[in-house]
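Contents: one structure, followed by commentary.
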Amino acid sequence: MRNKVADGDLFLSVNLKTSLSSLAGLDLLSSAVILLDAKARIVYANPSAESLLGSSVKALMDHKFSDLFVNGDELLTVFFQAVGHQFEDKRQDLKLERLGRESLQVHCVVTALDNPETPVLIELRENVQQIKLDREERILDQSKANKELVRNLAHEIKNPLGGIRGAAQLLELELPERQLKELREYTQVIIKEADRLQTLVDRLLAPNRLPHIVGNVNIHEVCERVRSLIMAEFPVGLEITRDYDLSIPEFRGDHEQLIQTVLNIAHNAAQALDQQILNGNAQIIFKTRVVRQITLAKVRHRLALDLHITDNGPGIPADIRHRIFYPLVSGRDGGSGLGLTLAQTFVEQHQGVIECESEPGCTDFRILIPLL
C-alpha cells in the first residue's frame, strides 16, 4: 500500500513497509514531517522537524509527540482518530503551546497510514500569515495600552504642574527687595523646569488633540516635501535616493499627518547617520510600491500603499529594537522618544501599520496604508 504525504502541491509516495531509510527523501522537504508508532511515539523526524521543534532527532525519538506541548491532548485525540481510520488525512491550523518557549502557529496535516507499526504521519508548516496577524494584534494592543497610560499620566502631571509654576511666581513676588536678586535664581529654575515639563506633556497629548483632516493625498508629494526638508538640514554627505512607483493612485488621508510621519522617521535616520555623513556615504532610500490582497489589523484590503524608508546607518540598538514605538524610548542622547510614537499614531489613524527591521548597515521602516 502506498501513502501520500503532502507538502503544498507536492505529493510524495512512500512505501512505509520498507525500512526508514526509504524515507530519506523526506529530509529534503521544507515542512516538518514526523512519523509516529502505534503508541504515538516519534520514530522518525526530518531535519525541518528538528528545526521547527528546536530538538535533535535523538532527543525526539521514542517520546510521545503530544507530550512536547502543553495542549498536546488535542493532538492525541486526532492521533486516535487516525488510528481508528476515521479519516485518511485531516488538516487544521493549530497553536501548539510549549513550556518556557514561544508557541508554534502551524498548519497541521495528519495522515492515516496502512501500517500497524507506523500508523500516523504528521506534517507541520509554520502558519506565517497567522503569526503576522498575531504580531500585529499584539503591537496594536500594546500601542493602545501605552497611549492610554501616557495620556492618563500626562493629565496627572499637567494639573499640579500649573500649581507649582503659579506658586513659584507668587513666591517671587513676595520676596523682600534685599533678597530678590539672590533668591530669584531659584524661583526661575522652578518656573523654567515647570515650563519644560509642560512642553513635554503637551507633546505627549498632541496626537489626541490634533484634528484628522482628510483630503486627497499623493504620497510622492509627501516624500518630496520631506526630502527637501532633510536635504536643507543635511546638505553635505547625505544622499536621498527615490525609487517611486508612479502608478500609485491618490488616496484619502491627512496630508500634514503623513508629512510628519515620514519626516519623523527620515529625520531619525539622518541623525543616526552622523558617522556616514562625515564619511560622505550616508544614504536614505524612499521606496514606494503597491501590495494587493493584504490584511491590516484583521481587515482585508484589495490594494495598499507599501512605503519603505531605509538607511545604511549603524542600526537600532538591540536592547530597544522591540520598544522603539513606545513613548519616551530613544536610542539617541537628547532624544525625546516621541517621534516614532507620533508616527505610529498617525499611521494607525489611517487604518495602517508601521513595521521596522534593523541590523547594522540597514534599517528599514515599512508603512502600509490601505488604498482600496
Side-chain angles (χ1 to χ4, degrees), residues 1-138 295 357:
M1 176 66 68
R2 298 174 71 83
N3 299 278
K4 291 183 177 180
V5 181
D7 182 29
D9 295 328
L10 174 68
F11 290 85
L12 296 177
S13 296
V14 180
N15 188 343
L16 293 169
K17 290 185 178 180
T18 61
S19 66
L20 289 177
S21 63
S22 65
L23 302 176
L26 299 179
D27 290 351
L28 303 176
L29 294 180
S30 60
S31 56
V33 178
I34 297 161
L35 192 63
L36 304 181
D37 67 11
K39 294 184 178 179
R41 294 176 301 194
I42 299 172
V43 295
Y44 167 82
N46 70 349
S48 294
E50 293 180 272
S51 177
L52 181 66
L53 298 174
S55 297
S56 68
V57 67
K58 289 183 179 180
L60 294 170
M61 200 70 72
D62 294 328
H63 281 79
K64 273 194 173 184
F65 183 60
S66 57
D67 289 345
L68 300 178
F69 309 103
V70 176
N71 56 341
D73 289 346
E74 185 176 356
L75 284 171
L76 203 57
T77 299
V78 177
F79 170 81
F80 286 120
Q81 290 173 350
V83 171
H85 295 284
Q86 296 182 27
F87 56 79
E88 289 187 3
D89 64 74
K90 185 173 185 178
R91 301 162 184 265
Q92 60 188 119
D93 292 326
L94 296 174
K95 184 176 183 179
L96 301 176
E97 303 286 352
R98 301 185 289 179
L99 274 176
R101 301 174 68 182
E102 190 176 351
S103 61
L104 291 174
Q105 295 276 5
V106 295
H107 179 69
C108 177
V109 181
V110 180
T111 305
L113 306 175
D114 291 334
N115 188 328
E117 294 182 1
T118 54
V120 175
L121 186 143
I122 294 178
E123 180 187 5
L124 302 174
R125 292 194 295 270
E126 277 199 278
N127 194 333
V128 177
Q129 182 63 23
Q130 187 60 48
I131 293 171
K132 181 176 181 293
L133 289 174
D134 287 349
R135 184 176 69 249
E136 287 182 0
E137 186 175 359
R138 285 197 304 272
T295 301
E357 293 184 4

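Values reported hereafter were calculated over all heavy atoms of this structure, with side chains retained and with hydrogens, waters and symmetry mates removed.
- For the pair F79 and I122, the minimum side-chain heavy-atom distance is 4.5 Å or more.
- Judged as a side-chain hydrogen bond (donor to acceptor under 3.5 Å, both in side chains), and not counting sequence neighbours, the contacts of K90 are Q81.
- Atom CD of E97 is surrounded by more than 12 heavy atoms from other residues, nucleotides or ligands within 6.0 Å.
- Once rounded to the nearest 0.5 Å, the distance linking CE of M61 with OG of S56 reads 9.0 Å.
- When all heavy atoms are compared, the tightest approach of P119 to A38 is CD-N, 3.6 Å.
- Residues L124 and C108 have side chains in contact (heavy-atom distance under 4.5 Å, counting atoms from C-beta outward).
- Crowding of Q92 atom CD: a count of heavy atoms from other residues, nucleotides or ligands under 6.0 Å exceeding 12.
- Remark: side-chain polar atoms of S51 are not paired, donor with acceptor, to backbone N or O of P47 under 3.5 angstrom.
- Note that NE2 of H107 and CZ of R91 are 5.5 Å apart. Values are rounded to the nearest 0.5 Å.
- Within the 4.5 Å cutoff, side-chain heavy atoms of Y44 are placed close to those of D27.
- Side-chain atoms of D37 never come within 3.5 Å of backbone atoms of D62 as a donor-acceptor pair (strictly under, hydrogens ignored).
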Stepwise, does the side chain to side chain contact (heavy atoms under 4.5 Å, CB included) test hold for L68 with L75?
CA-CA 10 Å; L68 300 178; L75 284 171; over 6 Å; no
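- Between L53 and I34, the closest side-chain pair of non-hydrogen atoms falls below 4.5 Å.
- At a threshold of 4.5 Å between non-hydrogen side-chain atoms, the residues D114 and H85 count as touching.
- Heavy atoms from other residues, nucleotides or ligands lying under 6.0 Å from CD of E88 number 12 at most.
- Proximity of L36 to I42: side-chain heavy atoms (C-beta onward) are separated by under 4.5 Å at one or more points.
- To the nearest 0.5 Å, atom CG of residue N46 and atom OG of residue S31 are 7.0 Å apart.
- A donor-acceptor contact shorter than 3.5 Å links the side chain of S48 to the backbone of S30.
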